[in-house]
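A short worksheet on the structure shown next.
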Amino acid sequence: MTVQESTIRRGMFITLEGIEGAGKSSAIPILAAFCEAQGYAVERTREPGGGPLGEALRGIFLNPELTLDAEAELLLLYAGRRDHWLNRIQPALAEGKIVLCDRYEDSTYAYQSGGRGFPQGRIAELARWAGITQAPDLTFWFDVSPELGAARIRARKADRLEQEQMAFFTRVRSVFAQRQAAEPGRILRIDAAASIDQVHATLLADLAPRLKQHFS
Ligand SMILES: Nc1ncnc2c1ncn2[C@@H]1O[C@H](COP(=O)(O)OP(=O)(O)OP(=O)(O)O)[C@@H](O)[C@H]1O
Ligand SMILES: [Mg+2]
């Protein structure tokens, strides 16, 4: 490991993943408060977005009026992710912070490959090309059925992705499941159909020993 890599690794990079309505955004303040109470500095961020370029691209990405083909969508995502990684995540980790990121690369595989059918190998190729090579230290996968996720967000105005059919979200969920099975040490499955209090209690119980281990 180079000096630069060991510096970057001082912080802890945690991502939250799962389909719409799974409960990711609701969990961020709970996780942040817990980490802060333990004395850690926390950087909260999200994708698409996070960096200045990514936040501008987010508006394009989620605009229901725009039709993007799979290639254009993927190129936008990685342009934003590169900016996010270089200008926000990496500096925060170098300062020793815990980065809590609402969606990251697992969502790209789940949505662009599972949902849209883009070959996974080409996503990996683009990730390498864009310099996105460091996986999160820990990922919480909020697993919920597309039906329950949709019921939770029914009141919210549908953005472009939420207009997709249930079959799309079933494919997205199955790629999250494949990735969890392939990397069980990094990706923890959270039963996101449970009550919100139960989900949050489980998250903190899972996080506490991992924080201790990471920073020991
Ligand atoms: N475990 C839960 N039980 C019941 N309701 C929940 C639960 N978790 C979240 N909710 C509610 O469901 C709605 C969607 O939750 P949230 O916005 O956190 O989902 P999300 O995973 O961030 O979705 P998106 O991917 O669309 O941003 C919110 O109104 C939230 O209060
Ligand atoms: Mg959200």
Side-chain angles (χ1 to χ4, degrees), residues 12-28 30-31 45-50 58 61-62 70 73-74 76-78 80-81 84-85 89 99-127 132-153 156 158-196 198-200 202-207 210:
M12 185 171 184
F13 184 22
I14 301 175
T15 59
L16 288 77
E17 297 281 12
I19 62 170
E20 277 78 346
K24 303 175 294 298
S25 303
S26 311
I28 293 257
I30 306 295
L31 292 169
T45 186
R46 66 175 182 179
E47 287 214 357
R58 183 183 176 96
F61 191 72
L62 298 179
E73 189 173 70
L74 201 59
L76 277 187
L77 272 173
Y78 273 95
R81 185 162 301 145
H84 190 197
W85 171 255
I89 301 173
V99 176
L100 294 177
C101 189
D102 192 338
R103 293 194 182 280
Y104 194 64
E105 190 143 77
D106 294 301
S107 277
T108 307
Y109 283 89
Y111 284 77
Q112 274 61 45
S113 169
R116 302 230 187 278
F118 206 86
Q120 296 205 7
R122 289 196 64 201
I123 298 177
E125 204 181 314
L126 185 52
I132 305 300
T133 53
Q134 191 170 317
D137 297 300
L138 175 62
T139 297
F140 291 113
W141 167 40
F142 290 67
D143 187 28
V144 76
S145 69
E147 291 77 12
L148 184 52
R152 286 181 185 165
I153 58 169
R156 211 164 67 186
D159 67 26
R160 192 169 56 86
L161 286 178
E162 283 161 9
Q163 291 168 7
E164 299 288 351
Q165 298 303 307
M166 286 296 146
F168 175 94
F169 290 107
T170 301
R171 296 197 302 276
V172 170
R173 185 189 192 189
S174 75
V175 173
F176 281 128
Q178 283 163 22
R179 293 179 72 76
Q180 195 279 327
E183 291 183 78
R186 171 174 71 86
I187 306 178
L188 297 188
R189 178 185 176 272
I190 301 293
D191 175 11
S195 75
I196 202 155
Q198 180 62 54
V199 168
H200 293 172
T202 304
L203 284 173
L204 299 185
D206 284 340
L207 177 62
R210 286 174 174 82

Less than 4.0 Å between a side-chain N and a carboxylate O, is that true for [Y] and [X]?
{"X": "R103", "Y": "E20", "result": "yes"}
{"X": "R186", "Y": "D106", "result": "yes"}
{"X": "R189", "Y": "D143", "result": "yes"}

Are [X] and [Y] packed together at the side-chain level, in the sense that at least one heavy-atom pair is separated by less than 4.5 angstrom?
{"X": "C101", "Y": "I14", "value": "no"}
{"X": "L74", "Y": "L126", "value": "yes"}
{"X": "F118", "Y": "R122", "value": "yes"}
{"X": "Y111", "Y": "E73", "value": "no"}
{"X": "V199", "Y": "I190", "value": "yes"}

R46 side chain vs D102 backbone, donor-acceptor pair below 3.5 Å: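 Answer holds: no.
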K24 side-chain N/O to T15 backbone N/O, donor-acceptor pair under 3.5 Å: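 Not confirmed, K24 side chain does not pair with T15 backbone.
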Do [X] and [Y] pair up side chain to side chain, a donor and an acceptor below 3.5 Å, judged on atom types alone?
{"X": "T108", "Y": "R81", "result": "yes"}
{"X": "S107", "Y": "E17", "result": "yes"}
{"X": "Y78", "Y": "E105", "result": "yes"}

Distance check, rounded to the nearest 0.5 Å: [X] atom [atom1] versus [Y] atom [atom2]?
{"X": "T45", "Y": "I89", "atom1": "OG1", "atom2": "CD1", "answer": "6.0 Å"}
{"X": "D206", "Y": "L31", "atom1": "CG", "atom2": "CG", "answer": "10.5 Å"}
{"X": "L16", "Y": "S25", "atom1": "CG", "atom2": "OG", "answer": "8.5 Å"}
{"X": "T202", "Y": "L207", "atom1": "OG1", "atom2": "CG", "answer": "12.0 Å"}

Non-hydrogen atoms of [X] and [Y] that approach each other most closely:
{"X": "G115", "Y": "R171", "result": "O-NH2, 2.6 Å"}
{"X": "P146", "Y": "R173", "result": "CD-NH1, 4.1 Å"}
{"X": "A192", "Y": "A22", "result": "CB-O, 3.4 Å"}
{"X": "L203", "Y": "A27", "result": "CD1-CB, 3.6 Å"}
{"X": "S113", "Y": "I123", "result": "CB-CD1, 3.8 Å"}
{"X": "M12", "Y": "R210", "result": "CE-O, 4.1 Å"}

Close aromatic pair by centroid cut-off 6.0 Å: F13 and Y104: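 Yes - the distance between ring centres of F13 and Y104 falls below the 6.0 Å cut-off.
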side-chain contact (heavy atoms from CB on, under 4.5 Å) partner of Q120, the single match among Q112, Q178, E125: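 Result for side-chain contact (heavy atoms from CB on, under 4.5 Å) with Q120: Q178.
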Quiz item: cation-pi between R179 and Y109, 6.0 Å / 45°: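 Checked: cation-pi criterion met.
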